[in-house]
Amino acid sequence: MTGFRIKNGGLIDRDTSLNFKFDGKSFIGHQGDTLASALIANDVHLMGRSFKYHRPRGVISAGVSEPNALVELREGGRKEANTRATMVELYDGLAAQSQNRWPSLNFDVGAVTSLASSIFVAGFYYKTFMWPKSFWEKIYEPLIRKAAGLGTASKQADPDTYEKSYAHCDLLVVGSGPAGLMAALTAARLGARVILADEGSRLGGSLLFENEEIGGQSGYDWSQSVLAELASLQNVTLMPRTTIFGWFDGNIFGALERVNDHVAVPAPFEPRQRYWRIHAKRAVLAAGAEERPLVFGGNDVPGVMLASAMRHCSNRYAAAAGKSIAIFANNDSSLRTSIDMKAHGVNIAAVIDTRKGGRILNVKGGKGVSYIETSMGKIPCDAVAMSGGWSPIVNLMCHRGAKPIWDEAIAAFKPPDVGAEFTAIGSAAGHMLLSECLAGGARAGTMKSRVPATPKCRDEAFAIQPFWWVKESIGKAFIDYQNDATAKDLPLAAREGYGHVELAKRYTTTGMATDQGKLGNVNAIAILAEASGKSIPEMGTTTFRPFYTPVSFGAFAGPFTGHHFQPVRKTPLHDWAVEQGAVFVETGLWMRSSWFPEAGEDWLASASREVKSARASVGLCDVSTLGKIDIQGKDAGVFLDRLYCNTFSTLSIGKARYGLMLREDGIVFDDGTTSRLAEDHYVMTTTTANAARVMSNIEFAHQVHWPELDVQYVSVTEQWAQMAVAGPKARATLQKLVDKLTLNDESVPYHAAQEITIMGGVEARLFRISFSGEHAYELAVPADFGNAVARAIMQAGAEFGIVPYGVEALSMMRIEKGHVAGGELNGTTTAGDLGLGKMMSTKKDYIGRKMAQRDGLIDPMRQCVVGIKPVDRTMKMRSGGHLLKQSDAPSMQADQGYICSVAWSPMLNMWLGLALFSNGRARHGEIVKVFDGLRGHHYVAEICDPVHFDPKNERLHA
Amino acid sequence: MKYSLFSLLKNSLSGHKNWTPAWRSPEPKKEYDIIIVGGGGHGLATAYYLAKEHGHKNIAVLEKNYIGSGNVGRNTTIIRSNYQLPGNNPFYELSMKLWEGLEQDFNFNAMVSQRGVLNLCHTDAQRDAFARRGNAMHLDGVDAELLDREAVREMYPFFDYDNARFPIKGGLLQRRGGTVRHDAVAWGFARGADLRGVDILQGCELTGIQTENGKVDGVQTSRGAIKCKKLALCAAGHSSEVAAMAGLKLPIESHVLQAFVSEGLKPYIEGVVTFGAGHFYVSQSDKGGLVFGGDIDGYNSYAQRGNLPMVEHVIEAGVAMIPSLARVRALRSWGGVMDMSMDGSPIIDKTSVHGLYLNAGWCYGGFKATPASGWCYAHLIAKDEPHKVATAFRLHRFRTGHMLDEKGQGATPNLH
Amino acid sequence: MLIPCPHCGTRPVEEFTFLGDANVKRPENLDDSNWQAYVYERDNPRGKIDEFAHHSGGCRAWLVVSRDTKTHEVFGAVIAKNFKRKQKS
Amino acid sequence: MLRTSALLGVAKPGRFGADKGEPGVTFSLTQPSSMIMVIARKGKAKALNEALAAIKKTTVQWAGPDQYYVYNAPYTELKKKLEGVASVSDQSHGRVMFQIAGQKARAVLAKGTPVDLHEADFPIGKSALTQMAHVSVHLTRTGDDEFTLSVFRGFSESFWEWLTSQAGEFGYQVS
Ligand SMILES: Cc1cc2nc3c(=O)[nH]c(=O)nc-3n(C[C@H](O)[C@H](O)[C@H](O)COP(=O)(O)OP(=O)(O)OC[C@H]3O[C@@H](n4cnc5c(N)ncnc54)[C@H](O)[C@@H]3O)c2cc1C
Ligand SMILES: NC(=O)c1ccc[n+]([C@@H]2O[C@H](COP(=O)([O-])OP(=O)(O)OC[C@H]3O[C@@H](n4cnc5c(N)ncnc54)[C@H](O)[C@@H]3O)[C@@H](O)[C@H]2O)c1
Ligand SMILES: Cc1cc2nc3c(=O)[nH]c(=O)nc-3n(C[C@H](O)[C@H](O)[C@H](O)COP(=O)(O)O)c2cc1C
Ligand SMILES: [Zn+2]
């Protein structure tokens, strides 16, 4: 076959030449070319290899349905596999590689599979590769995996950026052919907010390449004048290079705008692609129709093309596929094709019309057409144009479950009726006459009864007689080109019991390639129907799914990649912590100071020093991440009584109390101290992890369960910077900051919660509570003061050798004290398990009370919190080890519990832990086996009281 | 006809004209000893094992659509036995053992591929939880390895280690975990059951359950009334619906879970990997597509499709884990209807109606369970007592408070 | 999917958190026999459902949305405290 | 002064992004002297509206059902004024507010919020609670091409970086 550049005409700019490379070889094309058209113009037709048989393949379509001409475009981090050469706009310096071949496209060793193709029928792999068993993973599968797949994806990070955006409109028009243009124009003139989107590089649809006549001008000129008017209107947004890839609930459309794929590298500050979510009050599908291949021997030989694609290439890109072509069709469009191609000086070797009994039995020539064998004998030619009819592009309208409807008259499936929100027009609606397309467009553009007149136009005859398969074919007749599914595979599927259209799809992989059966599915359905003795509508289609065309992951991820995957949440003390040399750790979205190393310290040395200093004199810890919820209203107390399992209505003003919340199923949900600032004003603290969920639960409890209560709540987490000041010198340190208040056990007793001022008027809240077990306070100040106040505390504490301490030290101290936290509040423990059973009030209803009474939740054999320490005190413990009776062999049945939290105790100079242990409170003192198979570490440990350090809490009140 | 390289060669000589159907399409009989509702993986496996292990011949499987049209035919195909609760692990390990011999057993290549399942962790707390889980597995001799960051980097150097919002700290690896060709599981069990006399009735929807003084004695279907002695529900996402026909109300909500496949690629990712700082798990099918998924959409649904926010949520996590994915394209998305139970664990049990059995509540974890679910359900139906590895899957556990909650999320189905 | 929030107007689904059937009612007293059903049992209808939806990404009101679980068609939404539960027969 | 804004050293004045002549948008910090959340007590919604209407020299913005942000009013004073009518919580430090203005303001915001900002649906003076880039935002239209946004303090830096980066293609000014 001999493709060539047509001397004149077309929409390419012959004055701008572009250099590009395919498989390392250099070529020249023009502005306005696609990679495919430029290659054809350069007489290159072999562009790819098929999936299973590695057959040589050339371009068959001129658009998104292309199954064969897939290339690896660009290099390095920008390399993309499986890119349709027909959709790639040529740019200077473009570099593309063919794929799925080795060593080269021309000579592909993989092609040997086609020799054994008589074995490699549909589903062959389900029937073999089973013996010997071990061979599957060792030999067969690796071979299959290597052979399968198409292009090779890059493993380097993508250097380009992506964006997301929302759009809203009264009318979304999908497709900018005559129907779409007419709809957009009509609606726009009526003042509606219109979005006109088309996946093509230019708007105009088929008018960019078909010779039509509208309103006395050429179809192309008409389209340009319409576009000019649309562009001038405020209420219209034109979106070329934008594919509507899916239709979703609420009439929301997903769209991909290829902002910079037509250039080598995006301009600075511009994304490569932009993902749109379009909220449309109404939408029209003007997506056009897809031409179907005919199914005959050798219909995959490079040079066999869809007739419309051949017209598209020559009329728009001035790239003729051959010098002498045969036309094979079952409908009137053959006329169009011969007229157009003749006009380009192409010889029409033959027009073979199935309606007149014409058949192509085989196409000869390996990597290009040399001649065809027909019912009338051999005919030499160098390309074949085929037309098997037209399938309206119904995809989007079926994305929400509706099935398309078979129409015998046009031998195609038409879109279903899905309501007024989304209607089809033009050939997408099965209207194959231009006049119908324009009329339908005008009708859709205005929902009113008075429809504006549409310009006069020339209608091409459209008559078709279904023809599905040249049974007498010599050689393979392909249905799904990319997956190498042949016409014979479908009857085989039916024969073996896979006759349901969905089973046949899965068994033969028909329609599962990157083109999703855009070309082949209807042929497949027809052949399957015949083989199963059913009609086409009885057989029906497979399910249409997003994405209409594949969408890059990058577009869906948008800017939320790498470090920007999720927002960073910083505490009000962040700057202070940085000054103090903090090492930070991700805690949910928060960044928390984890430890504050001095020169040469690792985390353990640092945290141990922090603990020792805090317990010896005083330390400062940022606890701002704790959830804080302002709860007000005259029923605030009653409300809290229902949220917590213990009582808060009786809490006296100026006091804090530790509270425990259950879920309705009786399991512990969250804990924290809640303080009463006034008769009708409480402030609740939650754990960092559960802050958001607690807030939602509060809202649910009030708005759903007890709306009669007069209570208001709002998160004040971010309003307050909160600092724990702990240690024997905590009081002395804080004394220096507080305004005219002497801190002592009378003025600020244990569990006091007071609103005070510090540093000459800064409002603050002072809580005398302790997580560390030390004499401690929590001081809250408005967030913007946080850094300054923290610095002031450090200054005040300097004389005592105050240290900042982080969450590592915090957790060492809480484990020394046996305070439960995340490791124990794991969503499966009860108040009893945590040793807090006594907190559960019996005087009131509260969330979780009833379900907490179930046998399984009060069973004494449940695992409850105990302390644990290695018998060999010098040994390191790790969390996650399971506990066994010394006499028992390892097994799940014998499992007695596990270690939830461990820490090195700087005070006791040993590793300590908290464990959940069956009937644990009754078993203090027992020696157990710790099973840590994961790290191959088994040892014995002693179960003990969870409070390892200062059991009498003397330090707390010191 | 036995499947083998030999039979394949033999048939190729006759142009593959002589293959017989993998299963018959019989007319429903008037009566069966056992009717199984649901031609998914579990229903077909149950029929297969009832016939093969318990010698039952007179069995029908009712499938309202085509076999495999439900979740078995649309899942992300991950199999593993890395559970931590004593009520779960032995069951899933039995399933793993059955997978390991399945293909030779039912003479169908289901491409069981033990390519390894790696769960990534990004915090110390996650690592501790993995340690607890891994050791639970070791207690019963199940393989598990705790990897540090460098070991993970070794396996998958192209993940994001240096610019990540939530740095990878390590992972829990089960090498025996992997993937199985989903459709082939349904087809293999169906063929195996059919060979042993089971009637597989496609396009046959259960529309009513006939009870006679508290005992099942037949069903109504879209293909007429059929009598039966025992009725075994196995309808996954539709469990509440079929159970309601017998007046039962289940601790289950139906939710939609989406899954996705990318364009076909040359080998890109060796095993199965799950992200720990977002919802994303991925493996590569033998055909070359990256098969991936994430979280359920979150609202009750019986539609086999979801919406864009979850697509974005899942793919944001994917690219966060593997930056080079940005250039890969998502080819197709779909959904399946999940039977989300109130504690995230399944139910295999008798019901208050005599002769009526229930297999449900698999959430998005029931594919890996397919063989064991069939095995234990068959045992329950045949012997009227739970199999010893499935004793924790009883329905009354919610009343007695013996929930089986691996995630600790409580009675909130869309959080499991 | 779009939800008509009575406070905020129509908003997309990702701004909402769902909590299942709104026709279950928390029993008033502890000896009620419906606790088990309230916490665990659901009709789980295929078709019309009234479900709790929290406008967590907006005004933070708890709503009851009525919707079809087969088609995802949304019929409307009311503020939770104004929702009238189906009378159980 | 003791007080340090969360965007100190983050929101640096200057001209950024693409240089296409006039900047597409301008960002500026517009933190009010106070930002107070008031929520009507049970049955006091109407009373609250009236009370707020009576208060001078402040801005009141809708912030949820029977909830408002009151800007530039001293907390203790307001609390007294609304005694028994509303619950009052100071958020002056808890939220960070800034403004985006310019002809591309809507285009930039559309990259984050699903709210239709067309003047027909979102006139001047209207506020919305929404989410942008995974962050909860209180968004108010203050002019034709002028909006204010407020977010939780802890997210403000992250959010600021995202929002400004989205204006890159148009070029933007930080004043
Ligand atoms: C997207 C997705 C990803 C998943 N990923 C995994 C994974 O990676 N690993 C894993 O272990 N699990 C996974 N799962 C879960 C797993 O697929 C299911 O738990 C499992 O398949 C359920 O068992 P089944 O195969 O019997 O269900 P199904 O295949 O759904 O079988 C139920 C059958 O019952 C039929 N039925 C329903 N009602 C009736 C009626 N009235 N009459 C007749 N027939 C009826 C249905 O048509 C259906 O065919 C995933 C699920 C989904 C949807
Ligand atoms: N000769 C024949 O037999 C025959 C058959 C069918 C149609 N036609 C002619 O073709 C024309 C059809 O006009 P029309 O307006 O219906 O269609 P069209 O083909 O002119 O335009 C459809 C446009 O929609 C775009 N598109 C498709 N799916 C899209 C998506 N998901 N997102 C974005 N864009 C998408 C396509 O790129 C194309 O540009 C008429 O002139 C008709 O007479 C002729
Ligand atoms: C593991 C797996 C791999 C898949 N691979 C492909 C594929 O390569 N190409 C394709 O078109 N669909 C693929 N699919 C999706 C199916 O085509 C189909 O969408 C899915 O099974 C759901 O069925 P439905 O879309 O008919 O409802 C795959 C599905 C699964 C579960
Ligand atoms: Zn709202």
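Each of Pro267(B), Gly15(B), Gly288(B) has some count of heavy-atom pairs under 4.5 Å with chain A, and the biggest count is that of Pro267(B). In terms of heavy-atom pairs under 4.5 Å with chain A, the best-connected choice from Asn11(B), Asn107(B), Asp162(B), Asp405(B) is Asn107(B). Options Leu265(B), Ile315(B), Val319(B), Asp128(B) differ in how many heavy-atom pairs under 4.5 Å they form with chain A, and the most are formed by Leu265(B).
Proximity to chain B is limited to the side chain of Thr561(A), based on heavy atoms less than 4.5 angstrom apart. Neither the backbone nor the side chain of Glu72(A) comes within contact range of chain B; no heavy atom of the residue lies under 4.5 Å from a heavy atom of that chain. Heavy-atom distances place the side chain of Leu9(B), and not its backbone, under 4.5 Å from chain A. Residue Leu492(A) touches chain B through its side chain alone, counting heavy-atom pairs closer than 4.5 Å. Heavy atoms closer than 4.5 Å to chain A are found nowhere in Met321(B), neither backbone nor side chain. Using a 4.5 Å cut-off between heavy atoms, Glu145(B) contacts chain A through its backbone alone, with no side-chain atom that close. Using a 4.5 Å cut-off between heavy atoms, Phe159(B) does not touch chain A at all. With a 4.5 angstrom heavy-atom cutoff, Gln516(A) touches chain B only via side-chain atoms. If you measure heavy-atom distances from Asn89(B) to chain A, the contacts under 4.5 Å come from the side chain alone. With a 4.5 angstrom heavy-atom cutoff, Leu102(B) does not touch chain A via any of its atoms. Looking at Arg24(B), there are no atoms closer than 4.5 Å to chain A (heavy atoms on both sides), in backbone or side chain. Only the side chain of Asp183(B) comes within contact range of chain A, with at least one heavy atom under 4.5 Å from a heavy atom of that chain. When heavy atoms are compared at a cutoff of 4.5 Å, Phe245(A) approaches chain B solely by way of its side chain, counted from C-beta outward. Heavy atoms closer than 4.5 Å to chain B are found in the backbone of Lys79(A), but not in its side chain. Proximity to chain A involves both the backbone and the side chain of Ala317(B), based on heavy atoms less than 4.5 angstrom apart. For Glu93(B), no part sits under 4.5 Å from any heavy atom of chain A, backbone or side chain.
Under the ring-ring contact (aromatic ring centres under 6.0 Å, His included) test applied with Tyr498(A), the options Trp23(B), Trp19(B), Tyr66(B) reduce to a single match, Trp23(B).
Between Glu496(A) atom CD and His16(B) atom NE2 the span is 9.0 Å, to the nearest 0.5 Å. Taking CZ of Phe248(A) as the start and CG of Leu308(B) as the end, the distance is 4.0 Å to the nearest 0.5 Å. For the atom pair OG (Ser891(A)) and CG (Asp140(B)), the distance works out to 6.0 Å, reported to the nearest 0.5 Å. Atom CD1 of Ile322(B) is separated from atom CZ of Phe553(A) by 8.5 Å, given to the nearest 0.5 angstrom. Atoms OG1 and CZ, from Thr412(B) and Arg693(A) in turn, are 6.0 Å apart once rounded to the nearest 0.5 Å.
Judged purely by distance below 3.5 Å, without hydrogens or angles, the side chains of Glu141(A) and Ser113(B) pair a donor atom with an acceptor atom. Between the side chains of Arg329(B) and Thr83(A), at least one donor N or O lies within less than 3.5 Å of an accepting N or O. A donor atom on one side chain and an acceptor atom on the other are not found under 3.5 Å apart for Tyr125(A) and Arg181(B). Of the N and O atoms on the side chains of Lys266(B) and Asn100(A), at least one donor lies less than 3.5 Å from an acceptor on the other residue.
A salt bridge links Arg277(A) with Glu312(B): at least one charged nitrogen is closer than 4.0 Å to a carboxylate oxygen.
Summarising the geometry of Met130(A) relative to Glu103(B), their closest heavy-atom pair is SD-O, 3.9 Å, with the distance given to 0.1 Å.
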Steps toward side-chain hydrogen bond (donor to acceptor under 3.5 Å, both in side chains) verdict (Tyr898(A), Gln84(B)): CA-CA 11 Å; Tyr898(A) 70 99; Gln84(B) 69 186 10; over 6 Å; no

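Taking Asp932(A) as the reference, Arg878(A), Leu934(A), Arg935(A), His937(A), Asn135(B) meet the side-chain contact (heavy atoms from CB on, under 4.5 Å) condition, with sequence neighbours excluded. Under the rule for a salt bridge (charged side-chain N to carboxylate O under 4.0 Å, His left out), the partners of Arg78(A) that lie at least two apart in sequence or sit in another chain are Asp160(A).
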